[in-house]
Protein chains: 2
Amino acid sequence: MTWDRAVTRNDVARYAQVSPAVVSYVVNKGPKRVRPETEARVLEAIRVLGYRPNAAARALKLRSQEIFGLVLSSGGNALFVELANAIEDAAKAERFAVILTNSRASAAKEREHLRNLVARQVDGILLASVDAVPDISDVSAAGVPIVLLDNTGTVPAVPSLGADLEGGAYAAVSHLIGHGHQRIGMISGPPGDHPDGRETGWLRALSEHGLPEGPLLPAKVSRFGGYQAARRMLAFPGAPTAIFTSGDAQAVGALRAIHEAGKHIPEDVAVISFDGSTEAEYTWPPLSTMRQPVDEIARDAVTALLALKAGGGTPPQHRHYTTTLQARGSCGCADTPA
Amino acid sequence: MTWDRAVTRNDVARYAQVSPAVVSYVVNKGPKRVRPETEARVLEAIRVLGYRPNAAARALKLRSQEIFGLVLSSGGNALFVELANAIEDAAKAERFAVILTNSRASAAKEREHLRNLVARQVDGILLASVDAVPDISDVSAAGVPIVLLDNTGTVPAVPSLGADLEGGAYAAVSHLIGHGHQRIGMISGPPGDHPDGRETGWLRALSEHGLPEGPLLPAKVSRFGGYQAARRMLAFPGAPTAIFTSGDAQAVGALRAIHEAGKHIPEDVAVISFDGSTEAEYTWPPLSTMRQPVDEIARDAVTALLALKAGGGTPPQHRHYTTTLQARGSCGCADTPA
DNA sequence: ATGAAAGCGCTAACAA
DNA sequence: TTGTTAGCGCTTTCAT
C-alpha cells in the first residue's frame with residue numbers, strides 16, 4: 001500500500017491517540033519514559049501505518065546526518081575494497097552510513113569530493129589522500145572532523161592513522177636478504193616532497209646488511225605503474241634479483257612484467273610488497289606482502305572521528321600500525337595453499 | 001575561523017541587507033532572478049561569512065536527500081570496484097551522492113542494508129543482489145525506487161539491468177571451441193531456483209558444436225570458490241582441457257589451482273571467464289574474459305532510478321547488455337601487453 | 001506520564 | 001526585483 005503523502009509522526013500520534021511527543025519518546029526510547037500500555041499503542045500504530053521517521057527532519061533537528069564521507073583512491077590503494085568494507089562496518093556499528101567517493105589518483109578530484117562532502121554536511125570525513133600532505137583547507141574551514149588514513153602525522157593538528165611504513169619495508173627487505181638476495185630494487189610511489197617511509201626502510205635494511213643501494217624507480221601506484229617500472233628495471237644492466245614494491249597493486253603489475261620477460265618468480269626475480277590485499281593471495285605465484293591490519297585501522301579511524309565530533313579537547317593522535325609479513329611464493333617461501 | 005553557531009541563510013541575508021529569500025534565489029540560481037548588483041552583494045556575504053547551505057534543511061524541504069544507496073557484494077562481484085566507481089560518477093553527474101554498502105554474499109546482510117537505506121530515506125536504491133530473486137519487500141513497501149543490477153527481469157515490475165549472460169557465455173565457450181577444445185567444463189555460481197543464463201549459453205555452445213556436456217561444478221562466486229572448484233575439476237578422470245567460469249573472481253581462483261597442479265595455461269588447461277574486471281588484465285597468464293559495459297550499465301541504472309523517482313508512469317525496463325570478448329593469454333590467444 | 005510548543009534552516013508560493 | 005511567510009517533520013524543554 002502506498003500513500004500519497006508519507007506517514008508522519010503526527011499521523012501516528014493521531015492514530016494512537018497520543019501527542020506527537022510521545023511518539024518521539026517511543027521511537028527514540030527516550031528521553032522520557034512512556035507507560036508500557038501507551039507504548040504498545042504507539043508501536044501498533046507505527047506498524048499499522050508503516051511509519052518511518054523522516055531522516056532529514058531528524059538530521060535537521062539533531063544537527064547530524066549520521067553519515068561519514070570516505071575519500072579513497074582506487075587507482076592507488078590495493079586495499080580499496082577491504083578498507084571501504086571495514087570502514088563501512090565500523091561506521092555501521094555506530095549507526096553511521098558512509099558515502100564513498102573515489103578520487104582516482106587525482107588531487108583535484110579529491111579536493112572536489114572533499115568540498116562536496118562538506119557541503120553535504122557529513123559528520124566527518126575519512127581521507128586516504130593521493131598526496132602525502134593533502135589539501136584539506138575546505139574541510140578545516142568548515143570545521144568538519146577529519147581523520148587521515150594511510151598517513152601519519154604529515155598534517156599538524158589532524159589525526160592520522162597509517163601503517164608503519166618504514167618498519168614494514170625494513171622487515172620486507174630484510175626477509176628478501178634472508179633469502180640470499182644481494183641486489184634488491186624498489187618500485188616506489190611517485191616522487192613527492194615528503195620522503196616515503198618505505199624508501200627509508202628499504203634503504204636502512206640494505207645498508208645495515210652492508211648491501212649496495214639497489215635501483216629505485218618511482219612509479220604510479222597502480223598495477224600499470226608497477227608493470228612499467230618493473231619492465232624498465234629488468235632491462236637494467238645488473239638487474240636486481242629481488243624487487244620490493246610500495247603496494248600490492250604495483251607488485252601485481254611487476255609480476256606480469258617479470259613473467260613476460262620470461263623470468264621465473266622467485267628463482268630469477270623475487271617480489272615482495274606492501275598492503276596485504278586479497279588479490280595478493282591469488283596472483284601467480286602468490287604474492288608475499290606486508291599485511292596492514294585493515295580492520296583495526298578502520299575501527300580506530302571511526303573511533304577517532306567520533307571523538308573529534310564529540311569534540312572533547314582531545315589532541316590529534318597519530319597512530320601507526322605494525323604490519324606483518326605474509327610470506328608466500330613470490331619471495332621464495334613455500335606457498336601455503338589457501 | 002570557526003563560529004559557535006553555524007552560519008545560516010539568515011546571517012547572510014542580514015549581512016547583505018537583503019531578505020532570506022533573495023539569498024535562496026542566489027544560491028539556487030532561481031526560481032526568481034536577482035539584480036546582478038544584489039547578487040554580488042549576496043555572493044560577497046556568502047564568501048565573507050563562509051556560508052554553507054544546510055543540507056538537512058534542504059532535504060527536509062525538498063523531500064530529497066540527493067543520495068542513492070548502492071548495495072553490492074564484494075565477495076561475489078569482481079566488478080565491485082569498477083561498478084561502484086562508475087555508479088558514483090554517474091550519480092555525481094546528477095548531483096547525487098552514493099551510500100555504499102556491502103552485503104558480503106549474505107542475503108540477510110543485504111536485507112538489513114536495504115532496510116537501513118530505506119530508513120535513511122535515500123532517493124533510490126541500486127541493488128546487485130546475492131540472489132537471483134532478491135527480497136526487496138522492505139523497499140517496495142516504502143515505495144523507494146529501486147533498480148536491480150546484474151539481473152534481468154526476475155522480479156516483476158522492477159526495472160533491472162544486466163549483461164546478456166547467455167549470449168556472453170555462448171560466445172566465450174564458442175571461442176574456446178575455436179581453439180580446438182572438446183572437453184569444456186564450467187564453474188558456475190551456487191545453485192539456485194533460477195537457471196543461470198551462463199549455464200544455458202555454455203550448454204548451447206556445446207550442443208550446437210556437437211560436443212559432450214562437460215563437467216559443471218557450482219561454487220561460491222569468489223576467488224576461493226573458483227579455486228576449490230577448479231581443484232576438484234582437475235582431479236576428474238578425463239578432466240576438461242578448458243574451463244569457463246561465471247565470473248572473473250572464480251577464474252582467478254581457478255588459475256591458481258591450475259598452476260598449483262603443475263599444469264600450463266593455456267596449453268594444458270585454458271580458461272575464459274565473465275566480467276572484464278581490471279584484475280583479469282594482470283593475472284598470469286592474463287585472463288580472457290567477456291567484458292561487461294560497466295560504465296554504460298552504471299549510467300543507465302542511474303537514469304532508470306531517476307526516471308522512477310520522477311515517477312512518470314514509465315513501465316519497468318529490463319535491459320541486457322552485450323558483452324565483448326577480451327581475448328588474452330588464458331584462452332590461448334596472444335597477449336597484447338597492456 | 002503526557003502534552004504544547006518553539007524552533008532547526010530552508011524553499012517557494014504569494015504579496016508588494 | 002525583493003520581501004513575507006507558511007510550512008517540511010522532528011526533538012526536546014517546559015508545563016501540566
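The chains referred to below are lettered A, B, ... by the order of the sequence lines, with proteins before strands, and numbering in each begins at 1.
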Can you tabulate the close N/O pairs, meaning under 3.5 Å, that link protein atoms to atoms of nucleotides 14-16 of chain C?
| from | atom 1 | to | atom 2 | distance (Å) |
| --- | --- | --- | --- | --- |
| C:dC14 | N4 | B:Lys32 | NZ | 2.3 |

Under 3.5 Å, which donor-acceptor pairs link side chains of residues 297-304 of chain A to any protein atom two or more places apart or in another chain?
| from | atom 1 | to | atom 2 | distance (Å) |
| --- | --- | --- | --- | --- |
| A:Asp300 | OD2 | A:Arg319 | NH2 | 2.8 |
| A:Asp300 | OD2 | A:Tyr321 | OH | 2.5 |
| A:Thr303 | OG1 | A:Arg299 | O | 2.8 |

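A straight line from CZ of B:Arg63 to C1' of C:dA12 spans 13 Å, rounded to a whole angstrom. Remark: C1' of D:dG3 and CZ of B:Arg35 are 14 Å apart, rounded to the nearest angstrom. The nearest whole Å value for the distance from the CG atom in B:Leu62 to the C1' atom in D:dG9 is 14 Å. For the pair A:Asn10 CG and D:dC10 P, the interatomic distance rounds to 8 Å; values are reported in whole Å. A straight line from CD1 of A:Ile46 to P of D:dG9 spans 16 Å, rounded to a whole angstrom. Between B:Gln65 atom CD and D:dC10 atom P there is a gap of 12 Å when expressed in whole angstrom units. B:Glu66 places its CD atom 13 Å from the C1' atom of C:dC10, with the value rounded to the nearest Å. Atom pair A:Asp11:CG and D:dC10:P shows a separation of 9 Å (rounding to whole Å applied).
Residues from residues 51-60 of chain B lying near DNA chain D, meaning a heavy-atom separation below 4.0 Å, are B:Leu60 in numerical order.
Legend: residues meeting ring-ring contact (aromatic ring centres under 6.0 Å, His included) with A:Phe96, ordered by chain and number and at least two apart, are A:Phe68. Remark: B:Ser137 engages B:Asp135 in a side-chain hydrogen bond (donor to acceptor under 3.5 Å, both in side chains) (not counting sequence neighbours). Take A:Asn151 and apply the side-chain hydrogen bond (donor to acceptor under 3.5 Å, both in side chains) test, not counting sequence neighbours, and it matches A:Thr154. Residues satisfying the side chain to side chain contact (heavy atoms under 4.5 Å, CB included) test with B:Ala59, not counting sequence neighbours, are A:Ala56, B:Gln65. Listed by chain and residue number, B:Ser74, B:Asn102 satisfy the side-chain hydrogen bond (donor to acceptor under 3.5 Å, both in side chains) test with A:Asn85 (two or more places apart in sequence, or in another chain).
At the phosphate of C:dC8, neither OP1 nor OP2 sits under 4.0 Å from any side-chain N or O atom of B:Thr8. B:Thr38 has a side-chain polar atom (N or O) that falls below the 4.0 Å cut-off from OP1 or OP2 of D:dT2.
A salt bridge links A:Glu44 with A:Arg47: the closest approach of a Lys/Arg side-chain nitrogen to an acidic carboxylate oxygen falls below 4.0 angstrom. Salt-bridge annotation for B:Arg104 and A:Glu88: absent, with no side-chain N of the basic residue lying under 4.0 Å from a carboxylate O of the acidic one.
For the ring pair (Phe, Tyr, Trp, His ring centres under 6.0 Å) condition, no pair includes a residue of residues 33-53 of chain A, sequence neighbours left out.
For the pair A:Pro20 and B:Ser19, nearest-nucleotide mapping onto DNA chain D gives the more 5' position to B:Ser19.
Listed nucleotides: D:dT2, D:dG7, C:dT2. Nearest to the side chain of B:Lys61: D:dG7.
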